[in-house]
Amino acid sequence: MAGTAMTASGLGEGTSAGVRAHGSVGSGEPVRVGRPLVVAIDGPSGSGKSSVSKEVARRLRVAYLDTGAMYRAVAWDCLEKGIDLTDGALVEAAARALELELSTSPDHERVLVRGTDATDAIRDPRISASVSAVATNLGVRDELIRRQRALISEHGRRIVVEGRDITTVVAPDAEVRLLLTASEEARLRRRGAQLGGTQSDEQLAQQVLERDAKDSAVASFTRAADGVYTVDSSDLDFEQTVTAVLGVVHAVVDGRSTSGA
Ligand SMILES: Nc1ncnc2c1ncn2[C@@H]1O[C@H](COP(=O)(O)OP(=O)(O)OP(=O)(O)O)[C@@H](O)[C@H]1O
Ligand SMILES: Nc1ccn([C@H]2C[C@H](O)[C@@H](COP(=O)(O)O)O2)c(=O)n1
């Protein structure tokens, strides 16, 4: 799959900034028209979904949706309110009532919960360690999937969406569906470097491998479903990975290929 320099040529334009994701979802931003281009990307923790998806969205000049941030925001909100994350009914109620403003610009990460900036707080290892209790709550998933689909529509279906169930559940009808994988060793190394070497091997294993094991109970993100392409980034650097993903997008959009790898 040849990587090509990416331009938005033939793909139209479309970048959207902040959106409100609570109640009835509405960004207040104009939705620019263009051919639909939903790029759905799933993969395990530390495979590079967020960083690679963001860069791909930038180069395609479309919006970017980090669905993991939504699960993290619910976890953060519950912990702030003193809600026991094992109380499924209370956690589901918190998700349905969640006042969330989530940026969908690949250039500006911003997560506001009830008006409070939680952009950094949701990335804290404390949230990484507890978010699976939220993500495995089926009522929470029902609510967040509903909001994710609304956001995709709201952006005129010109968006890169990443998570664990995007290719299979949230947007199985996406124009491009892709699984981004990497070896355990690469994922642990990357997460360790990302956290500035502050975490022990045990903590990293808990945040990456144990979390994946728990999350696997409700979503399938280690094997590509039918029609879903796979990019294995174990031996690729960041730029090579972005190029490989854009290569898949081009191959599909340019009609050079119509089926999964
Ligand atoms: N191909 C790559 N080569 C080297 N480093 C990479 C590569 N892809 C991503 N990274 C780096 O690895 C780290 C983890 O990536 P990222 O946060 O995007 O993973 P993720 O799959 O979104 O993880 P999670 O699901 O746990 O949020 C980041 O610091 C990122 O810059
Ligand atoms: N579509 C999604 C997105 C995320 N999750 C879960 C998996 C993680 O435990 C948590 C946070 O995700 P991350 O920010 O680490 O990508 O949310 C999910 O189940 N489905």
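The figures that follow rest on heavy atoms only: side chains count, while hydrogens, waters and symmetry mates do not. We count ligands from 1, going down the list as the structure has it; atoms in each ligand are counted the same way.
- Judged as a salt bridge (charged side-chain N to carboxylate O under 4.0 Å, His left out), the pairs with a partner in residues 227-248 (not counting sequence neighbours) are, in order, Arg59-Glu239.
- As a member of the Ile/Leu/Val/Met/Phe/Trp/Tyr network built from side-chain separations under 4.5 Å, Val218 groups with Leu138.
- A salt bridge links Asp142 with Arg96; the closest basic N to acidic carboxylate O contact falls under 4.0 Å.
- Side chains of Ser128 and Arg72: a donor on one and an acceptor on the other come within 3.5 Å.
- Counting atoms of ligand 1 from 1 in the listed order, those under 4.0 Å from a heavy atom of Pro44 are 21 (O).
- Distances shorter than 4.0 angstrom occur between a heavy atom of Ser47 and an atom of ligand 1.
- At a cut-off of 3.5 Å, with distance as the only test, a side-chain donor of Arg190 or Ser233 sits close to an acceptor on the other residue.
- With hydrogens left out, the protein atom closest to atom 22 (O) of ligand 1 is Ser50 OG, 2.7 Å, a heavy atom.
- At the top of the distance list for atom 24 (P) of ligand 1, counting protein heavy atoms only, stands Arg191 NH2, 3.5 Å.
- Nearest to atom 4 (C) of ligand 1 among the protein's heavy atoms is Arg190 NE, 3.5 Å.
- Between Asp84 and Val91, the closest heavy-atom pair is O-CG2, 3.7 Å.
- Per-residue contacts place Phe238 under 4.0 angstrom from the following atoms of ligand 1 (heavy atoms of the residue considered): 1 (N), 2 (C), 3 (N), 8 (N).
- In summary, Asp173 and Arg149 do not engage in a salt bridge, as defined by a charged side-chain N under 4.0 Å from a carboxylate O.
- Using a 4.0 Å cut-off to heavy atoms of Leu236, the atoms of ligand 1 that qualify are 1 (N), 2 (C), 3 (N).
- Around ligand 2 you find Thr67, Gly68, Tyr71, Arg72, Arg123, Val131, Ser132, Ala135, Arg141, Gly163, Arg164, Asp165, Ile166, Arg211, Asp215, each with a heavy-atom distance below 4.0 Å.
- With respect to atom 19 (O) of ligand 1, the closest heavy atom belonging to the protein is Gly48 N, 3.2 Å.
- Of all the atoms in ligand 1, the ones that sit under 4.0 Å from a non-hydrogen atom of Gly46 are 19 (O), 20 (P), 21 (O), 23 (O), 24 (P), 26 (O).
- In this structure, the side chains of Glu175 and Arg35 stay at 4.5 Å or more apart for every pair of heavy atoms.
- Annotation for ligand 1: atoms under 4.0 Å from non-hydrogen atoms of Thr241 are 1 (N).
- Of all protein heavy atoms, the one lying nearest to atom 26 (O) of ligand 1 is Ser45 OG, 2.7 Å.
- Using a 4.5 Å cut-off on side-chain heavy atoms (C-beta onward), Arg147 and Leu100 make contact.
- Of all protein heavy atoms, the one lying nearest to atom 14 (C) of ligand 1 is Gln194 OE1, 3.5 Å.
- For Glu202, the salt bridge (charged side-chain N to carboxylate O under 4.0 Å, His left out) criterion is met by no residue, not counting sequence neighbours.
- Residue Gly68 places every heavy atom at 4.0 Å or more from ligand 1.
- Between Asp66 and Arg123 a salt bridge is recorded (basic side-chain N to carboxylate O distance below 4.0 Å).
- At under 3.5 Å, a nitrogen or oxygen of Lys49, whether backbone or side chain, sits near a nitrogen or oxygen of ligand 1.
- Side-chain atoms of Thr167 and Asp42 include a donor-acceptor pair closer than 3.5 Å.
- Those atoms of ligand 1 that come under 4.0 Å of a heavy atom in Arg211, given as number and element, are 26 (O).
- Of the protein's heavy atoms, Ser51 OG, 3.4 Å lies nearest to atom 9 (C) of ligand 1.
- The minimum heavy-atom distance between Ala75 and Ile127, with the atom names listed, is CB-CG2, 4.2 Å.
- A salt bridge does not link Asp117 with Arg110: none of the charged nitrogens is closer than 4.0 Å to a carboxylate oxygen.
- Close approach of ligand 1 to Arg164 (heavy-atom distance below 4.0 Å) involves ligand atoms 25 (O).
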